Structure formats: C-alpha cells, structure tokens
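Take a look at the structure below.
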Amino acid sequence: MTTHANHFAQDIRLEDLWDDPYPIYRRLRDEAPVAWVPAVGRYLITRHADVVFAEQHPELFSSREKDSLVLKVMGANMLREDDPEHRKLRAAAEPPARPRRVKTDWSPVFQRTADELIDSFADNGEADLFADFAGPFAATNLAHLLGLPQVPAADMIRWSQDMMDGNSNYADVPEVWDRALAAAGAVEEAVDETVRRLRDEPDGSVISSMLHAEDPPTLQQIKNNIKVIIGGGINEPRDVLTAGVWALLTHPGQRADVEADPALWRNVFEETVRWISPIGMYPRQTAEDLELSGTSIPAGSRVALVIGAANRDEEVFPEPDRFDIHRAQRNYLAFGGGPHFCMGTWVARHEVGEIAWPTLFRRLPGLELDPDADRAVETGGWVFRGLLNLPVRWKK
Ligand code: HEM
C-alpha cells in the first residue's frame, strides 16, 4: 500500500460512505484493497477475490466477534456463531425457507400480501412504494414465515429498526439501548405466545421448525434467532424491491424487455442485488495473524467484508456501475458466500422477483416516477444501502 493510499483510507468519512460509497470503494479496490479505516474501526476488504477467500476460510475469519453489539441486543444467535454451533441452529431454522417450501407453502401468502396492499392504494393513482408497499410487504411476509401472524407489520418494522439501531450503537446512546432492548423484549413475548400455540400443534413456520427439530435449540436460542431474523429479514427485501422498481423505471429499454418476457424478472432480481447490495458489508474477526493482498492483519482484528464493493469489482463485472439485466456474470456476493450464506435467499427471490414486481407492474398500469412528488428519490447507506423513498404514479 502506498503512503498516498494510506492517507486516503485514513481520511474516509462515514458521511461520504453513507452518501455514495461506490467511488470510495473503487479507489480502495485499486489502491488499498485491505485498508484500515479509522472512521469505521475496521479493516475494509473490498476486492471480490479477497472477500471470497475470507468466506472460504471461516477458521481465519470468525463470525464470533468479541464485544459484538449484536450479542448485547439479541443474545447469542446463529449469525454470530461459528460451526459446529452455528450449523446446529441453522439446521433447525432453515427448512421452511428452502426453495420448494417457499413455492408450496409461502407463495400464496406472499401473493395475498401483495394484493391486499395494492388494493389499499390502487385507486389513489399515486403512492410512495417505500412506505406504502415495500416495508409492510416484507414485514407481513416475514411475520407469517416466522410463525408470528398475530404481529402487525408496523410492530415488526419498529422492532426491526430499534434492534438494528442498537446493533450499530457505537456512540453508546442510552436512549438507543433502551429502545433496542424494549424491542428485543417485545419479540420474546411474541415468541412465547407462538410457542404456547405450536407446542402441540406444529405448523410450517420457522418457530415451529426450531421447536420440533431433531436436535432442538433451547427456548432462549429460538428467541435470539427470531430476533436476528426480524433484524435482518425486513430491510433487505424492502430495499431490493424498491431499488429494482426504480432501476426499471429509469431504464425503459430493460423494462420493455422484462414486460415482453416475464422470465427476465429473475435477471432483474440478480442484477439489482449486485448493483445496490442491500447489505453492503458485514463483520468478521481474524483468528490469527494473516496477510491479504499484501497487507498484514494481526490476530483479533475487526474486519469488514464489503460485499457492496466486491459486487462492483471490475475484475469480475465489466462496467460494474451499469445496471444490466442481461449480464452473464452471476457470482455476486450479495447473500454472502460461506457457511452463513443467507438463509432467506429463496424467500427474498420469490417474494420480490416472482410476486411483488410482476404484481405491481401488472396492477398499476403506466407506472412511472412521480415528477410532482415533494421529495425526489433519495438513496443512502453503506452498511445497509437502499432507497429512502419511491414516489410513483400510474393511470387510475
Ligand atoms: C434481498 C434480501 C436479502 C439479502 C441481500 C440478505 C443478505 C444476507 C447476507 C449478506 C447474509 C450473511 C451475513 C454474514 O455472513 O454475516 C445473510 C444472512 C442471513 N439472512 Fe439474509 N438477506 C436477505 C433476506 C433475508 C430474509 C428475507 C431472511 C429471513 C427469512 C434472511 C435471513 C437471514 C439469516 C437467518 C441469516 C444468517 C444465516 C446464518 O448465519 O447461517 N435474509 N443475509
């Protein structure tokens, strides 16, 4: 790494990452692919090949980060465990999220959610698809999948946000802890209610799957895993949903291609999660001294696998900043790449790519961005990145 590159990494500011991380990532990949960034307090790993290496070596890049704030808010859970503990928790929770089960069990539920939400605003001729559709759609579907159909979407969204704020409360703001721990407590109560119902009458939900697994987790482990899934299972589908609609509304040629050939919705999904990865980075901790792309990283260091940068690595994706549903390369890392590969991949693919988008474009004829909206479309974030609003209109 040159001194010049060192200075660049030293000076990276969180607000710039939040506004538009991609020019910063490009420079990091070129000049300092493994860089200590003081503002983040981690080494940022930005090249595709290096992130893949880290994912293939969980014995070097542990998910058990010491003093992780996630543990403080949610308690021990699969995301912050290494194998074999991780594998046991994951095996108990995963069956309802497998591709066949998503199609048979959840597809009708997701379709009903989409139709009911659209019914609620179709006659208005305009909506903010972020607040009026994407958030409640992801939250309602997740509540059903988990076995918490009694919980309203607004509660799911609030609990998720409050716990996530706690997970990143590095400034140690007491009010943020209070909200995060209150949300975690509310999730625990909701799980207790569901467990009472499912003890003798299993159903197809994630809580039921854990409760009746061959090697079942403890009740506390079930609660902690449900917290982590609520924390991580709403924003990402919401954000890919709005980003994909926005991408198509601003790329009319590709929109026409999809409308002519619905099989291309799958491509839209794959390209959208690559282009604006809803999770931009996730943490690991090095288990021993190692060297990566010429930089030494001491044992016990905090690192970030910056998949938002890896997914725009020009070594793998030509013209990476361009949205292109006809791209051949699919080895993106938006869902991770190792033992923690996202458990909800097929849920998200199905609910967004096969249900939400085709239903929206079919039921809202002439869908377009609303040029008269008070607020133009805004995008933000780097740990999580997505649209902050999506004002649209259509022909009534
Ligand atoms: C487009 C939507 C989504 C994206 C981009 C996404 C992305 C990710 C990523 C990058 C990871 C790995 C994190 C790490 O290794 O530290 C992950 C893990 C996980 N995701 Fe997702 N996710 C999405 C939707 C969902 C949904 C809908 C659910 C709920 C069913 C879900 C549940 C999980 C779980 C439980 C894990 C932890 C898996 C493990 O530790 O083995 N995700 N996700």
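Atoms considered below: every heavy atom in the structure, side chains included; atoms not considered: hydrogens, waters and symmetry mates. None of the values given here were measured: they were computed from a predicted structure. Remember, it's 1-based here, ligands and their atoms both numbered in the order they're listed.
E288 places none of its side-chain heavy atoms less than 4.5 Å from the side chain of E59. You'll find the side chain of D257 reaches within 4.5 Å of the side chain of H326, heavy atoms only. For the pair N77 and M74, the minimum side-chain heavy-atom distance is below 4.5 Å.
Side-chain N/O atoms of Q150 and T194 include a donor and acceptor closer than 3.5 Å. For the 3.5 Å distance criterion, the side chains of S63 and H340 qualify, holding a donor opposite an acceptor.
The line from OG of S160 to CE of M163 is 6.0 Å long, rounded to the nearest 0.5 Å.
Residue contacts with ligand 1: L142 is included, with a non-hydrogen atom under 4.0 Å away. Distances from ligand 1 to the non-hydrogen atoms of P339 include at least one value under 4.0 Å. Contact between A334 and ligand 1 is present, with at least one heavy atom of the residue lying under 4.0 Å from the ligand.
For the pair D119 and R363, the salt-bridge criterion is met [side-chain N within less than 4.0 Å of a carboxylate O]. Ion pairing of R385 with D239 is absent here, as no side-chain N (NZ or NE/NH1/NH2) approaches a carboxylate O to less than 4.0 Å. Of the charged side-chain nitrogens involved, none lies within less than 4.0 Å of a carboxylate oxygen, so that R349 and E354 do not count as a salt-bridged pair. Ionic pairing of R197 and E193 is not present here: no N-O contact between side-chain nitrogen and carboxylate oxygen is shorter than 4.0 angstrom. By the 4.0 Å N-to-carboxylate-O rule, E81 lies too far from K88 to be salt-bridged with it.
In terms of protein heavy atoms, atom 37 (C) of ligand 1 is closest to L79 CD1, 3.6 Å. Nearest protein neighbour of atom 38 (C) of ligand 1, counting heavy atoms only, is R90 NH1, 3.4 Å. Regarding atom 29 (C) of ligand 1, its nearest protein heavy-atom neighbour is I229 CG2, 3.6 Å. Looking only at heavy atoms of the protein, atom 41 (O) of ligand 1 is closest to H86 NE2, 2.6 Å. The protein heavy-atom contact nearest to atom 40 (O) of ligand 1 is H340 ND1, 2.6 Å. Looking only at protein heavy atoms, the nearest one to atom 30 (C) of ligand 1 is L145 CD2, 3.5 Å.
The residue from I230, V240, N77, V352 that puts a heavy atom closest to atom 1 (C) of ligand 1 is V240.
Protein N/O/S atoms found under 2.8 Å from atom 21 (Fe) of ligand 1, listed by chain and residue number: C342 SG.
Close approach of ligand 1 to P237 (heavy-atom distance below 4.0 Å) involves ligand atoms 2 (C), 27 (C).
At under 3.5 Å, not a single nitrogen or oxygen of E351, backbone or side chain, sits near a nitrogen or oxygen of ligand 1. At a 3.5 angstrom cut-off on N or O pairs, R284 counts as close to ligand 1.
Applying the under-4.5 Å side-chain rule to Ile, Leu, Val, Met, Phe, Trp and Tyr, the cluster around V176 extends to V173.
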